[in-house]
Colleague: 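There's a structure below that I have some questions on.
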Amino acid sequence: MAPPRPATILHADLDAFYASVEQLLDPSLRARPIAVGGGVVLAASYEARAFGVGAGMPGWRARQLCPSLLFVGGHFSDYQRLADEVMAVLDAFTPLVERISIDEAFLDVAGSIHLFGSPTHIAEAIRRRVRAEIGLPVSIGVARTKHLAKVASQVAKPDGLVVVAPQSESEFLAHLPVELMWGVGPVTRARLADAGIHTIGDLAAAPTALLDRLLGKAVGAKLSALATNIDARRIETTRRASSMGAQAALGRRAATAGLVRSTLGYLADRVAGRLRAAGWAGRTLTVRVRFTGLRSVTRSATLPVPISATLTLTELATELAGAALAAHPREHEITLLAVSVGNLVPEPALQLELPLDPGDDRYRPRTARDAARWVVDRSVDAVRARFGHDAVRYATVMFSDVQRVPEAFRELAEHAALKPQS
DNA sequence: TCTGGGGTCCTAGGACCC
DNA sequence: TCTGGGGTCCTAGGACCC
């Protein structure tokens, strides 16, 4: 038997990130229960979590649980700046850093040991530096695999370090609740609980057939592998996005043609602009309409050629939304519209293909228009790059009233997401 | 009195092709 | 002449993540 791979994977995760930043920027908020957000809690400080307040919770529910809860507005550009500074600290220890969200990353420090000492020493050094230089608490898990490191960092919170030695992995996992695993949310947790499976140890011991039946073949196999500690995933420093989208919550609004059209115009403009900026176009467009009670439907269409022109996306999105609404004639109010483009391909392919349009009459006019519009869009992009986004606007978007969410938050979410890259 | 915006991956059924 | 299996793509829905 070959000796086991040593524990060289780190998972670093900033604690209650948005809330910690607010407490860092405003000392009067320290040691107090605070939440970032308003209608929905984006992040809660540990003092607030003690009352049961958590991310994703409606604001009224959070106030109910914790009457002294203080809501603070978000300083979104500071979140981006400080998180980037933390990532720069990680980069100083190894080039093998995989950032998986704004505030967490995996590292493989196998090649850094001769420079900086053992993985445990490196983790301690990172925590010291982030605390001293940036002022934020970060928890770190150290283990042999990504899954173990991620679970370990959750166990380490708040402001801690947990190292899982290769010989004690099963022991470490056995008594932890299944919901600490990546991929186990409320629905899966409940399904497993119904079958008497509560801990990761229970999951590891469960028969494959049972898990297949409870969760489906793929999910069952994946969780079973992780629970029995089979995880061969490596650090990926270059991941690329496979779709790009935008959405807007509307409150409760009558689904009028005008509202739908102007909102989709706004969303299509955002998505198309980001696609062109990144040099991509996509073949599949998906529109989601959410009704009251969180019921939602989607409609999608796949074209023979990729598109990225604002007006083409707007028109197609409007058609799809019309189909979705027509299928639900009893729903009169909508609460959210979303537009997403998938099947992404690099833009140059689009430009080469256009003159050689396939003889599909259904799409030919649309595609030909898309080419002309793409050229116009590029000049709009150029004007915006120089004079600001509001220098040019599309007529349908001018009347849009979806700017309820601060632009800075949209930008933060956008930057936190993966980027397509060639 | 049921909420934000950005994503990934999986499933199941049907169409279509060889 | 109605029968086989496998693969790929598309669509709609759902669970999950930060």
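So you know, we letter chains A, B, ... as the sequences are listed, proteins then strands, and number each from 1.
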Colleague: Out of dC10(B), dG6(B), dG7(B), which has the shortest distance to the side chain of A218(A)?
Modeller: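 Closest of the options to the side chain of A218(A): dC10(B).
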Colleague: For a quick check of understanding: with a heavy-atom distance under 4.0 Å over all strands, which category does F409(A) fall into, base, sugar-phosphate or nothing?
Modeller: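 Answer is base: heavy atoms of F409(A) come under 4.0 Å of a base.
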Colleague: Counting the atoms with a prime plus P, OP1 and OP2 as sugar-phosphate, which does V297(A) contact under 4.0 Å by heavy atoms, base, sugar-phosphate, or nothing?
Modeller: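 Sugar-phosphate only.
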Colleague: Atom NE2 of H328(A) to atom P of dA12(C): distance rounded to whole Å?
Modeller: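 Taking atom P of dA12(C) as the reference, NE2 of H328(A) is at 10 Å.
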Colleague: Grab the CD1-P distance between I102(A) and dG7(B) for me, whole Å please.
Modeller: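 Distance, rounded to whole Å: 14 Å.
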Colleague: Starting at CE of M181(A) and ending at P of dA15(C), how long is that distance when rounded to a whole Å?
Modeller: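 Distance, rounded to whole Å: 18 Å.
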Colleague: Can you work out whether G216(A) or Q247(A) has the more 5'-proximal nearest nucleotide on DNA chain B?
Modeller: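 Its nearest nucleotide being more 5', the pick is Q247(A).
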Colleague: When we call it a touch if two heavy atoms are under 4.0 Å apart, what does R63(A) touch: a base, just sugar-phosphate, or nothing?
Modeller: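 Nothing, no nucleic acid heavy atom in range.
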Colleague: Measuring from the side chain of K222(A) (C-beta onward, heavy atoms only), which nucleotide among dC9(B), dG5(B), dT3(B) has the closest atom?
Modeller: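 My answer, after comparing the listed nucleotides, is dC9(B).
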Colleague: Between dT3(B), dG6(B), dC10(C), which nucleotide has the shortest distance from any of its atoms to the side chain of T302(A)?
Modeller: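 For the T302(A) side chain, the nearest candidate turns out to be dC10(C).
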Colleague: Please measure how far the P atom in dC18(C) lies from the corresponding atom in dC2(B), and state the result in whole Å.
Modeller: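 Per the computed distance, 27 Å lies between those P atoms.
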Colleague: Mind calculating the distance between CG (L320(A)) and C1' (dA12(C)) to the nearest angstrom?
Modeller: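 For the pair L320(A) CG and dA12(C) C1', the rounded distance is 12 Å.
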Colleague: Which nucleotide sits closest to the side chain of T298(A): dT3(B), dG13(C), dT11(B)?
Modeller: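 The answer is dG13(C).
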Colleague: Return the value, rounded to whole Å, for the distance between atom NE2 of H11(A) and atom C1' of dC18(C).
Modeller: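 Distance check: H11(A) NE2 to dC18(C) C1' gives 10 Å.
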Colleague: For the side chain of L42(A), counting heavy atoms from C-beta on, which of dC10(B), dG4(B), dC16(C) is nearest?
Modeller: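 When the side chain of L42(A) is considered, dG4(B) is the closest of dC10(B), dG4(B), dC16(C).
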Colleague: How is R299(A) classified with respect to the nucleic acid when contacts are heavy atoms under 4.0 Å: base, sugar-phosphate, or nothing?
Modeller: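 Answer is sugar-phosphate: R299(A) comes under 4.0 Å of backbone atoms only.
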Colleague: In terms of side-chain heavy atoms of V187(A), which of dG7(B), dC16(C), dT11(C) is nearest?
Modeller: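 For the V187(A) side chain, the nearest candidate turns out to be dC16(C).
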Colleague: S243(A) side chain N/O closer than 4.0 Å to the phosphate oxygens (OP1, OP2) of dG7(B)?
Modeller: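 Looking at the OP1 and OP2 atoms of dG7(B), neither is under 4.0 Å from any side-chain N or O of S243(A).
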Colleague: Is T188(A) near enough to dA15(C) that one of its side-chain N or O atoms lies under 4.0 angstrom from OP1 or OP2?
Modeller: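 Looking at the OP1 and OP2 atoms of dA15(C), neither is under 4.0 Å from any side-chain N or O of T188(A).
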Colleague: Mind checking G293(A) for me? I need base, sugar-phosphate or nothing, with any heavy atom below 4.0 Å counting as a touch.
Modeller: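 G293(A): no heavy atom of the nucleic acid under 4.0 Å.
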Colleague: Is R32(A) reaching over with its side chain to a backbone N or O of I34(A), donor-acceptor style, under 3.5 angstrom?
Modeller: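 Side chain of R32(A) to backbone of I34(A): no pair is present.
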Colleague: When we call it a touch if two heavy atoms are under 4.0 Å apart, what does A246(A) touch: a base, just sugar-phosphate, or nothing?
Modeller: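 It contacts sugar-phosphate atoms only.
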Colleague: CZ of R288(A) versus C1' of dA15(C): gap in Å, rounded?
Modeller: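 So the two atoms are 12 Å apart, to the nearest Å.
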Colleague: Scan side-chain atoms only and decide if R252(A) and T335(A) contain a donor-acceptor pair under the 3.5 Å cut-off.
Modeller: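 There is no such pair (donor and acceptor under 3.5 Å, judged by atom type) between the side chains of R252(A) and T335(A).
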Colleague: Tell me which nucleotide among dG6(B), dC18(C), dT3(B) gets nearest to the side chain of A413(A).
Modeller: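 For A413(A), the side-chain atoms sit closest to dG6(B).
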Colleague: Do D231(A) and R144(A) sit within salt-bridge range, that is, some charged N less than 4.0 Å from a carboxylate O?
Modeller: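 Salt bridge between D231(A) and R144(A), a charged N being under 4.0 Å from a carboxylate O: no.
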Colleague: Which one is paired to dC16(B), where only Watson-Crick or G-U wobble pairs with both distances under 3.5 angstrom count?
Modeller: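 Pair assignment: dC16(B) / dG7(C).
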Colleague: Fit a plane to each ring of F409(A) and F76(A), take the angle between them on a 0 to 90° scale, and name the class: parallel (under 30°), tilted (30 to 60°) or perpendicular (over 60°).
Modeller: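 If you compare the ring of F409(A) with that of F76(A), the planes turn out tilted.
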Colleague: Separation of R410(A) atom CZ from dG5(B) atom P, in whole Å?
Modeller: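 Distance, rounded to whole Å: 5 Å.
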Colleague: I need the CG-P distance between L65(A) and dT3(B), as an integer number of Å.
Modeller: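 So the CG-P distance, L65(A) to dT3(B), works out to 17 Å.
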Colleague: Look at all strands and tell whether S340(A) reaches a base, only sugar-phosphate, or nothing, counting heavy atoms closer than 4.0 Å.
Modeller: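 Counting heavy atoms under 4.0 Å across all strands, no contact is made by S340(A).
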Colleague: Counting only side-chain N and O atoms of K217(A), is one of them less than 4.0 Å from OP1 or OP2 of dC9(B)?
Modeller: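 Answer is no, no contact under 4.0 Å.
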Colleague: Is any side-chain N of the basic residue among R81(A) and D84(A) closer than 4.0 Å to the acidic one's carboxylate O?
Modeller: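 Judged by the 4.0 Å cut-off on N to carboxylate O distance, R81(A) and D84(A) do not form a salt bridge.
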Colleague: Heavy atoms from C-beta onward define the side chain here; which of dA12(C), dG7(B), dC18(C) lies closest to that of S101(A)?
Modeller: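 Selected nucleotide (nearest to the side chain): dC18(C).
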Colleague: Ring-on-base stacking between W60(A) and dT1(B), under 5.5 Å between centres and under 30° between planes: is it there?
Modeller: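 Stacking is present between dT1(B) and W60(A), given that their ring centres fall under 5.5 Å apart and the planes under 30°.
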Colleague: Is any side-chain nitrogen or oxygen of R283(A) closer than 4.0 Å to OP1 or OP2 of dC10(C)?
Modeller: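 Looking at the OP1 and OP2 atoms of dC10(C), one of them is under 4.0 Å from a side-chain N or O of R283(A).
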Colleague: Just checking R378(A): does its CZ atom have more than 12 heavy atoms from other residues, nucleotides or ligands closer to it than 6.0 angstrom?
Modeller: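 Count over threshold, so yes.
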Colleague: Need one value for S242(A): base, sugar-phosphate or nothing, where a base atom within 4.0 Å counts as base even if backbone is also close, heavy atoms only.
Modeller: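 Sugar-phosphate, backbone atoms only, no base.
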Colleague: Taking the basic N atoms (NZ, or NE/NH1/NH2) and the acidic carboxylate oxygens, is any pair closer than 4.0 Å for E315(A) and R373(A)?
Modeller: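 Judged by the 4.0 Å cut-off on N to carboxylate O distance, E315(A) and R373(A) do form a salt bridge.
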Colleague: Taking for each residue the nucleotide of DNA chain B bearing the nearest heavy atom, is the 5' side occupied by R290(A) or by Q64(A)?
Modeller: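 Between the two, 5'-proximity favours Q64(A).
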